[in-house]
Amino acid sequence: MDLQRGIPRTCDCGAATIVLTSGTIKNPGRRFYRCGANSVVANKLATIEQDLAAIKAELDDVKKDITEIIKIIECLRMKS
Ligand SMILES: [Zn+2]
């Protein structure tokens, strides 16, 4: 019996499928698949979250720079 039979390599949506083996008492060892798009989305989300954290850190630096610039401008104004 070919256990891979009936398990497509790609989902209808075009994403690769993930083959899983059922661990339930009713269907032990039964192989099934699900769409891999969810895990692709999860990976992309993790990347986006990392990018966002980097952007936030840069934004904090920019805010500090702006605060410094404002202080300098205020100093210059008082002198003039
Ligand atoms: Zn899919």
Side-chain angles (χ1 to χ4, degrees):
M1 184 185 164
D2 187 357
L3 290 171
Q4 290 286 358
R5 259 186 75 156
I7 296 174
R9 286 180 64 86
T10 55
C11 175
D12 290 340
C13 74
T17 54
I18 295 168
V19 181
L20 301 159
T21 304
S22 172
T24 61
I25 298 156
K26 270 186 183 177
N27 295 306
R30 182 175 166 267
R31 289 166 78 90
F32 62 102
Y33 76 94
R34 68 178 175 89
C35 177
N38 284 340
S39 64
V40 171
V41 170
N43 284 339
K44 279 187 179 170
L45 196 64
T47 306
I48 289 165
E49 279 174 349
Q50 280 174 7
D51 287 352
L52 197 63
I55 290 165
K56 278 181 178 172
E58 270 183 53
L59 193 64
D60 278 349
D61 282 351
V62 171
K63 278 180 183 173
K64 280 174 193 166
D65 284 352
I66 289 169
T67 306
E68 285 297 309
I69 290 164
I70 288 168
K71 277 181 191 170
I72 291 165
I73 290 169
E74 280 173 354
C75 268
L76 290 169
R77 268 192 191 151
M78 288 207 275
K79 280 177 187 171
S80 63

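All ligand and atom numbering here is 1-based and tracks the order in the structure. Heavy-atom basis, side chains included; hydrogens, waters and symmetry copies ignored.
I70 and V62 fall within the same hydrophobic cluster, defined by Ile, Leu, Val, Met, Phe, Trp and Tyr side-chain heavy atoms under 4.5 Å apart, directly or through other members.
Around the Zn ion (ligand 1), the protein N, O or S atoms found under 2.8 Å comprise C11 SG, C13 SG, C35 SG.
Atom OG1 in T17 sits 10.5 Å away from atom CG in D12 (nearest 0.5 Å).
Within the structure, no pair that satisfies the side chain to side chain donor-acceptor pair (under 3.5 Å) test touches residues 43-57, not counting sequence neighbours. Applying the salt bridge (charged side-chain N to carboxylate O under 4.0 Å, His left out) test to residues at least two apart or on different chains, the pairs with a partner in residues 70-80 are E68-K71.
Around atom CG of D60, more than 12 heavy atoms belonging to other residues, nucleotides or ligands sit under 6.0 Å away.
Annotation: side-chain contact (heavy atoms from CB on, under 4.5 Å) contacts of T21 (sequence neighbours excluded): R31.
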